[in-house]
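Heads up, the thing below is written out as structure tokens.
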Amino acid sequence: MAAAEKNLQTARNNLDRFRVAKERGHDEFVATANKANNFYRGEQWDPTDKARLEAEGRPALTLNTILPTINTMLGEQMERRIDITFKAGRGGTENTALALNSITRAILDDNRYNEYEENVYADGLITGRGFFDVRMDFSQNMRGDVKITDEDPVDIVIDPEAKNADPATWNEVFISRWMTVDEIEEEYGEKFRDQLMTSASNASAEAAEDTFEYENSSFGDDAGDEFVDDRERGALKRVRVVERQYFRLHNCLHFVDLQTGDLRPVPYGTDEKEAQTVAESYGLGLSKQRRRRVRMTTSVSEVLLYDDWSIYRSFTIVPYFPYFRRGKPFGVVENLFDSQNLLNKTSSQELHIVNTTANSGWVVQEDSLVDMETSDLEERGAETGLVLTYKRGYDKPDKITPNSIPTGIDRISQKAAVTIRDISAVNSSMLGSVRADQSGTAQDKQVARGQVAMNVVLGNLRKAQNIVVMKVLELVQDFYDETRYFKLVDNTMFAIENEQEVGINEVGDDGNIINDVTIGKYSIDIGHTPAGSTARESEFNEALRLREMGVAIPDHVIVTTSSLTKRAEIAAFLRNSQGFGEPSEEEQQLSEMQVEHQIHLMKLDLEEKDADIELKVANARAAMAKATSLEGYNQAESEILKLNQDRDLHQQDISLRIALAARGHQNTSQMNDKRVTSNIAMKAMDQAIAKQTKPTEKAK
């Protein structure tokens, strides 16, 4: 009973903290975000104002200049693809840094990171906040895979006390998700289904509206009834799950590197005795220190789903804020509200004045019209080519002179359009709407200046990218502690195969671990490369330019960077035909025969050279024996010494050439054997994983 009361109190506290955080800025953000989304879609008029204008017969124009402005900024991001470079720090190695480069790119590709980044960037520009979620996923692999997704900014409640965009400086963050009962049962266990049903039935009206959603409850009284089964009507459909990640002080065990003094937290779930055993096995120290540690509490209303220390060292949420000033993030669209409203209203007023001028009214003497009534003239008075017939002796109908258009009203709308470009930093050259007489150089300079002004927005995106990659590195070091292989696409110049495998945590023949990613510190350098066809076109032109300069770039490299539909097949054919491909079995046998023949010829050459030198030495000895003077004797002795030196040098040269030929053939064989062994190991690992059960994230 005590445990049940504790869980109930913890769930209530979790919900109270969530509501307090929402009231301290998040509700205001949601209202602004909804308005910004409407402005981006073109829903920019207040419904009351628009209805009043329509009732008065006045136009309500929507000239949505925000849409192309934001799309231009989105296009700038789409042309830049993230390029990651790890640099080894204390305890790391350059080879492991290269492996981290490869596997991180593989992880990002597997998670379709570019798509999620586009969504997060768009959320940031429009609403002012965008969020990644980076955590481990155990649904496909019992050992876990890094999972990167994007979150709806409305569902993320940041720390109201946050003064920095880096989540490492926050105290807490909330994630609010709507989940079905089946999803909760799958994620947290079957026992919570009954608890949720009981809580939903006993919930107050306020709690039911905020936390529980029932079948057909969102369709109104009668709408949509035909789509709901009578047996399911009124059933619990979804519930709001509140996940709170926050820091609390805790006595944490740390492994200590006795040489460098570096500290590394002991993985969660490892007791002190087990940690001591591991430390003694690897020559490490063990230290207990009071540190901030992440804790997770997840609840639905008064039902506690999870409350324990997190398996992660940091928050799973990674934010992107286009602008962040002393705890106040904001985006691009909200700064364009007034300018867009001004443009819409002045343009609508201009059209209203033109309409009024075209149909200003008539002055007609009573009963003077012949072929129509005054009511007909009221309706048709603005028609082009209208002919009026009036009675003889009556005054002719006169058109009322309209008021002149106020001076300067047209310049107000122009000023509003210019203001939108000035605030967003997206000038006319970036939008593609420039004067016909403007030179290309001037256009390029304007585009460059606009991109400089956008560097603040893109620079903050680079900070978010850096935090994402650091989070991926954290998860790799904490969870990728066994041997794993990653398949990568290798488009390098002399790649034998397009697909290459990179292994981590491999045990070498000498017992040392190759590419041990679990240890060492690494710094990250975030760069950008052109995206898609732009990058390929740039590489193709650069490769052609280098070849014209005399650089011997193979043909298959040129074809790979081209835009040909079947470039892969053509490049593979050229690579194999020009000697860059993997040799076949017949070619390997032929190569072995050629190497053996080459070594045999070199040995014959050595024997022939030895015989020739031996003959010359014998002749020199005979000459030395027949010498009648000291000068002749010394000359013959010098000749013998030189011949012996020549023989030694020749023997060393031939021996080195034989060793190099044998070594080259051995390396080729080992490379092929390693590829086969790696494939066998991957298949064996897949079979072993298939036989084991999947753990939950909580169990991990």
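Atom set for the values below is all heavy atoms of this structure, side chains included, hydrogens, waters and symmetry mates excluded.
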d(Glu187 CD, Thr180 OG1) to nearest 0.5 Å is 11.5 Å
Quiz prompt | Donor-acceptor pair between Thr93 and Thr96 side chains, under 3.5 angstrom | solution = yes
To the nearest 0.5 Å, atom CG of Leu67 lies from atom CG of Asn71 at 4.5 Å
Open item on the list: Within the structure provided, determine whether Lys147 and Asn111 are in side-chain contact (heavy-atom separation under 4.5 Å).
Closed with: yes
| message | Checking side-chain polar atoms at under 3.5 Å, does Ser314 have a donor or acceptor matched by the opposite partner on Lys471? | response | yes
Side chains of Val303 and Leu305 in contact at under 4.5 Å (non-hydrogen atoms):
yes
May I ask you to decide whether Glu76 forms a salt bridge with Arg80, counting only side-chain N to carboxylate O separations under 4.0 Å? yes
- [ ] Take Asp145 and Arg484, measure what side chain to side chain contact (heavy atoms under 4.5 Å, CB included) needs, and give me the verdict at the end.
- [x] CA-CA 11 Å; Asp145 294 315; Arg484 294 198 186 195; 3.4 Å; yes
Using a strict 4.0 Å threshold on nitrogen-to-oxygen distance, state whether Asp478 and Arg313 make a salt bridge. yes
> Does the side chain of Arg290 pick up a donor-acceptor pair with the side chain of Asn251 at under 3.5 Å?
Replying inline: yes
query: Under 30°, 30 to 60°, or over 60°: which ring-plane class applies to Phe330 and Tyr323, parallel, tilted or perpendicular?
result: parallel
message = Under a 3.5 Å threshold, yes or no: a donor from one side chain and an acceptor from the other, between Asp307 and Thr297?
response = yes
- Message: Can you confirm whether or not the ring centre of Tyr246 sits under 6.0 Å from the ring centre of Phe315?
- Response: no
Report yes or no: does Thr277 contribute a side-chain atom to a donor-acceptor pair with the main-chain N or O of Lys273 at less than 3.5 Å?
yes
Point to revise | Pair Tyr113, Asp150: side-chain N/O donor-acceptor within cut-off below 3.5 Å | key: no
Output for pair (Arg244 CZ, Ser176 OG), nearest 0.5 Å, gives 14.5 Å
For Val318 and Ala464 the tightest heavy-atom approach is CG1-O, 3.7 Å
| field | Polar side-chain atom of Trp170 near backbone of Glu161 as donor-acceptor pair, under 3.5 Å | value | no
For Asn171 and Asp159, the nearest pair of non-hydrogen atoms, with its separation, is N-OD2, 3.0 Å
Note, Phe255 side chain near Leu263 side chain (heavy atom, < 4.5 Å) = no
Side chains of Asn14 and Ser299 only: does a donor on one sit below 3.5 Å from an acceptor on the other? yes
Under 6.0 Å between ring centres, would you say that holds for Phe132 and Tyr320?
no
Interatomic distance, CD1@Ile513 vs OG1@Thr518, rounded to 0.5 Å, equals 6.5 Å
On a heavy-atom basis, the closest approach of Gly503 and Tyr485 is CA-CD2, 3.7 Å
Q.
In terms of relative ring orientation, are His250 and Trp309 parallel, tilted or perpendicular, with 30° and 60° separating the classes?
A. tilted
For Glu118, does the CD atom sit with more than 12 other heavy atoms under 6.0 Å from it, leaving out its own atoms?
yes
Nearest heavy-atom approach of Phe131 to Val120 is O-CG2, 3.4 Å
Practice task
Would you please classify the geometry between the Phe486 ring and the Tyr480 ring as parallel, tilted or perpendicular, with 30° and 60° separating the classes?
Solution key: parallel
Problem - Stepwise side chain to side chain contact (heavy atoms under 4.5 Å, CB included) check, His528 with Arg462 - result: CA-CA 9 Å; His528 294 94; Arg462 188 178 299 110; 3.4 Å; yes
Just so I know, are the side chains of Arg143 and Glu482 near enough to count as touching, which here means a heavy-atom distance under 4.5 Å?
yes
TODO: Please report the C-alpha distance between Ile514 and Val507 in whole Å, then the side-chain angles of each, then the deciding distance to 0.1 Å, and finally whether the side chain to side chain contact (heavy atoms under 4.5 Å, CB included) criterion is met.
DONE: CA-CA 6 Å; Ile514 303 173; Val507 180; over 6 Å; no
- Item | Side chain proximity check, Thr127 to Asn37, heavy atoms < 4.5 angstrom | yes
(message) Apply side chain to side chain contact (heavy atoms under 4.5 Å, CB included) to residues Glu186 and Asp182 and explain how you reach the verdict.
(response) CA-CA 6 Å; Glu186 180 184 10; Asp182 291 339; over 6 Å; no
Judged by atom type as modelled, is there a donor-acceptor pair below 3.5 Å linking the side chain of Asp525 to the main-chain atoms of Thr85? no
Is it true that atom CD of Glu183 has more than 12 heavy atoms of other residues, nucleotides or ligands lying nearer than 6.0 Å? yes
Say whether, by atom type as modelled, one donor and one acceptor occur between the side chain of Glu506 and the main chain of Asp516 under 3.5 angstrom. no
Heavy-atom closest pair (Ile126 atom, Ala36 atom, distance to 0.1 Å) is O-CB, 3.0 Å
Which label fits Phe29 and His26: parallel for a plane angle under 30°, tilted from 30 to 60°, or perpendicular past 60°? tilted
Heavy-atom check, side chain of Ile524 versus side chain of Lys87, under 4.5 Å: no
Fill in: Sub-4.5 Å side-chain heavy-atom contact between Phe247 and Ser310
no
Taken to the nearest 0.5 Å, the spacing of Lys191 NZ from Leu196 CG works out to 12.0 Å
- Query: Do Glu185 side-chain atoms and Glu190 backbone N/O form a donor-acceptor pair below 3.5 Å?
  - Reply: no
Of all heavy-atom pairs linking Asn505 and Thr483, the shortest is O-OG1, 2.6 Å
dist Met454:CE -> Gln77:CD (nearest 0.5 Å) comes out at 9.5 Å
Exactly one of Glu243, Glu151, Glu474 clears salt bridge (charged side-chain N to carboxylate O under 4.0 Å, His left out) with Arg135, and that residue is Glu243
**Message:** Between Thr316 and Asp133, do the side chains contain a donor N or O and an acceptor N or O under 3.5 Å apart?
**Reply:** yes
Under 4.5 Å between any side-chain heavy atoms of Val456 and Asn460, yes or no?
yes
